[in-house]
Amino acid sequence: MIDPRLLRQDIDDVARRIGRRGFELDVAWFREREDRRKTLQVETERLQSERRTMSKRIGAAKAAGEDAVPLIAAVGDLGDRLAAAKAGFEAVRAELDAWELTVPNLPNEAVPLGKDETDNVELRRWRMPPAFNFEPRNHVDLAAGLLDMEAAAKVAGARFSVLRGGLAKLHRALTQYMLDVHTAEHGYQEVYVPYVVDRAALEGTGQLPKFEADLFAISGERDQFLIPTAEVPVTNLVRDRILDGADLPLRFVAHTPCFRSEAGNYGKDTHGIFRQHQFEKVELVQIVEPDRSWQALEELTGHAETILQRLELPYRAMTLCAGDLGFAAAKTIDLEVWLPAEKRYREISSCSNFLDFQARRMMARFRSPGGKPAYVHTLNGSGLAVGRTLIAVLENYQDGAGAIGVPDVLRNYMGGQSRLEP
RNA sequence: GGAGAGGUGGCUGAGCGGUCGAAAGCGCUGGUCUUGAAAACCAGAGGAGGGCGACCUUCCCGGGGUUCGAAUCCCCGCCUCUCCGCCA
């Protein structure tokens, strides 16, 4: 949520900055409600004040043993007038609140202008794509008998997968390795969290109210959803809390499945496991003091890059342009891994600084000694998407004879195995 | 699933129709003392929001209701804890 004071003070500047996303802010709509809100709020509070004063006087009269009947009569229809004013005020307030939840975050001014992913700007590259003396095969061919899309379709439908044997083990090895590096070397606390969340949690991080169609809702009387990312339960750990400034930064890492409906992506990435309704991700989340968040974004991105480097997977880092930015992010750096069969880089991690946008929605604050509560800044990034990392390992480590080399750092997690022969 | 207890400020916890934004303790801030710190003592400070301002409103899990007036009474949710049953 954007600072409401900023909206009131300089809505035109907000509109300009948010316009860089291609988002058109309805300035006239806002001004009209805001004017009414002001009048109605002042009037409502005036009546409330009046009622308070009168009630206190009645109480005092009764305590003194005086006759309170004339005073009670004098209150007259105050209650009705107050109720009417209050109803009007609350209606506008509700409209404004609902509207504010649909306005995306302001992009950082340094974020490049642009419309979609074709306008993203390359920051750096690590390692050149490997040269193969054969035509590299894609992950579906390479995984052969160990990847069973038909079995998954049978039990769940399209965009699910069944991994077997060594492939399932490699998938697990990747997960374990990522968790171990982030906890042992990067100072993250591992957390195990619910895979089901309520509406408030999703509003806190920004998936709701606008993107309900992207989620799997749980049917039943409860208003709950499967998590689309661990970002939701993990970031919401600090919802409605005033943290001690001395405890910051908080760094959490969680391994969870992620569930996405992928509505609107029907024809996209239909081959293999690149885009699934269910996938695993190791997620990094940081809760930091406001003046540290830009530095924290660089560090967090570096933590994700460490995994790619240790796995010796060629990648590049991209700064997302304003038009490609997610709803809640002020700036995002994507990591794209090289996929030899596709002969291009594909997203494997997305690292974002949300500034106080999520914190304001969640009421997540901190207090420095003697200071007033202030909103924290929140960040997160994939470190990494496990399924896509599996694809990258298969394709980059293929030997041309149908076998896959096991990356050095994973050998211990694979029982010493150095090759996978599907 | 059955029975009971409870949800109050950063935390613990009292209050149970009016003078309650709410005792007390812890923690916090400033001061005295000290070379410094601790201890002790003194003083101070709740959160959110509105108004150009003097100020004002709101908040005791959430939502309704009763009342001139609700932390306090009533109803409906949600959550936590204890016991029994069942169960991974």
Side-chain angles (χ1 to χ4, degrees), chain A residues 1-11 30-31 33-101 192-204 208 218 220-225 233 236-248 250 287 289 356 358-376:
Chain A
M1 195 159 90
I2 293 177
D3 186 351
R5 255 164 255 159
L6 193 60
L7 285 173
R8 284 196 287 266
Q9 280 162 15
D10 202 350
I11 182 85
F30 175 78
R31 282 219 173 93
R33 309 302 131 127
E34 177 55 19
D35 285 347
R36 270 167 48 211
R37 188 226 98 225
K38 197 161 163 175
T39 317
L40 288 163
Q41 181 161 358
V42 169
E43 172 65 3
T44 303
E45 292 185 356
R46 211 206 83 238
L47 289 168
Q48 271 170 335
S49 177
E50 199 177 320
R51 183 186 68 179
R52 239 170 97 91
T53 311
M54 294 299 283
S55 293
K56 280 200 174 173
R57 212 171 286 164
I58 292 167
K62 284 197 169 176
E66 295 163 12
D67 180 14
V69 174
L71 281 172
I72 292 174
V75 172
D77 64 346
L78 185 61
D80 292 338
R81 282 187 291 139
L82 175 58
K86 203 170 178 180
F89 166 58
E90 276 170 2
V92 195
R93 177 77 273 164
E95 267 193 281
L96 279 165
D97 288 347
W99 180 81
E100 279 164 18
L101 285 177
Y192 171 80
V193 293
Y195 303 157
V196 171
V197 290
D198 63 18
R199 195 166 281 273
L202 288 155
E203 274 182 7
L208 288 181
I218 308 248
E221 69 277 21
R222 298 289 193 104
D223 203 15
Q224 295 173 321
F225 301 83
N236 274 280
L237 292 175
V238 298
R239 181 167 102 212
D240 288 322
R241 290 191 56 191
I242 299 178
L243 303 159
D244 186 338
D247 294 338
L248 300 179
L250 297 176
I287 312 295
E289 292 181 77
D356 59 3
Q358 294 181 325
R360 181 170 281 112
R361 289 171 159 242
M362 290 191 299
M363 283 299 277
R365 294 165 293 164
F366 77 103
R367 196 201 302 268
S368 309
K372 283 287 204 181
Y375 292 114
V376 295

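Fair warning: this is a prediction, and the values are worked out from it, not measured in the lab. These numbers come from the heavy atoms of this one structure, side chains and all, not from hydrogens, waters or symmetry mates. Each chain gets a letter, A, B and so on, in the order its sequence line appears, and its residues count up from 1.
Contact annotation for R46(A): no contact, since no heavy-atom pair falls under 4.0 Å across all strands. Residue contacts for P4(A): at a heavy-atom cut-off of 4.0 Å it reaches no nucleic acid atom on any strand shown. Counting any heavy atom pair closer than 4.0 Å across all strands shown, R241(A) reaches no nucleic acid atom. Residue contacts shown for R37(A) are limited to sugar-phosphate atoms, with no base heavy atom under 4.0 Å away. Across all strands shown, R5(A) has heavy atoms under 4.0 Å from sugar-phosphate atoms exclusively, and none from any base.
The CG atom of L40(A) sits 15 Å away from the C1' atom of rU57(B) (whole-angstrom rounding). Atom CD in Q41(A) sits roughly 9 Å away from atom C1' in rG51(B) (whole-Å rounding). When the P atom of rC61(B) is taken as reference, atom CZ of R239(A) falls 17 Å away, rounded to whole Å. Per the geometry, OH belonging to Y375(A) stands 11 Å off C1' belonging to rG47(B), to the nearest Å.
Only the C1' atoms considered, rU8(B) is 13 Å distant from rG47(B), to the nearest whole Å. Comparing rG46(B) with rC28(B), their C1' atoms sit 12 Å apart, to the nearest whole Å. Across the P atoms, rU32(B) and rA38(B) are found 14 Å apart, a figure rounded to whole Å. Nucleotides rC61(B) and rC11(B) have their P atoms positioned 13 Å apart, rounded to a whole Å. Between rG7(B) and rG15(B), the distance separating the two P atoms is 10 Å to the nearest Å. Using P as the reference atom, rG25(B) and rA14(B) are 15 Å apart when rounded to the nearest Å. rG65(B) and rG10(B) have their P atoms separated by 28 Å, given to the nearest Å.
Checking rC33(B) for Watson-Crick or G-U wobble geometry (two distances, each under 3.5 Å) identifies no partner in any strand. Taking a pair to require two hydrogen-bonding distances under 3.5 Å in either a Watson-Crick or a G-U wobble arrangement, rC28(B) pairs with rG44(B). The partner of rG1(B), taking Watson-Crick or G-U wobble pairs whose two distances both stay under 3.5 Å, is rC84(B). If you check rG18(B) for Watson-Crick or wobble pairing at under 3.5 angstrom, you find it paired to rC68(B). The partner of rG9(B) is absent, by the rule that a Watson-Crick or G-U pair needs both atom distances under 3.5 Å.
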Using atom types as modelled, flag every donor-acceptor pair under 3.5 Å from a side chain in residues 60-87 of chain A to any protein atom, sequence neighbours excluded.
| from | atom 1 | to | atom 2 | distance (Å) |
| --- | --- | --- | --- | --- |
| D67(A) | OD1 | V69(A) | N | 3.0 |
| D77(A) | OD1 | R81(A) | NE | 3.4 |

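Residue K372(A) places at least one side-chain N or O closer than 4.0 Å to OP1 or OP2 of rG47(B). When the side-chain nitrogen and oxygen atoms of R365(A) are compared with OP1 and OP2 of rA48(B), one or more of them lie within a distance under 4.0 Å.
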Q41(A) vs R37(A), test: side-chain hydrogen bond (donor to acceptor under 3.5 Å, both in side chains). Steps then yes/no.
CA-CA 6 Å; Q41(A) 181 161 358; R37(A) 188 226 98 225; 3.1 Å; yes
Could I get a table of every N or O pair under 3.5 Å where one atom is in the protein and the other is in nucleotides 68-72 of chain B?
| from | atom 1 | to | atom 2 | distance (Å) |
| --- | --- | --- | --- | --- |
| rC68(B) | O2' | S55(A) | OG | 3.4 |
| rC68(B) | N4 | K62(A) | NZ | 3.2 |
| rG69(B) | O4' | S55(A) | OG | 3.1 |

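Scored by the ring-ring contact (aromatic ring centres under 6.0 Å, His included) test, F89(A) finds no partners at all (sequence neighbours excluded).
The existence of a salt bridge linking E50(A) and R46(A) is confirmed by a sub-4.0 Å separation between a basic side-chain nitrogen and an acidic carboxylate oxygen.
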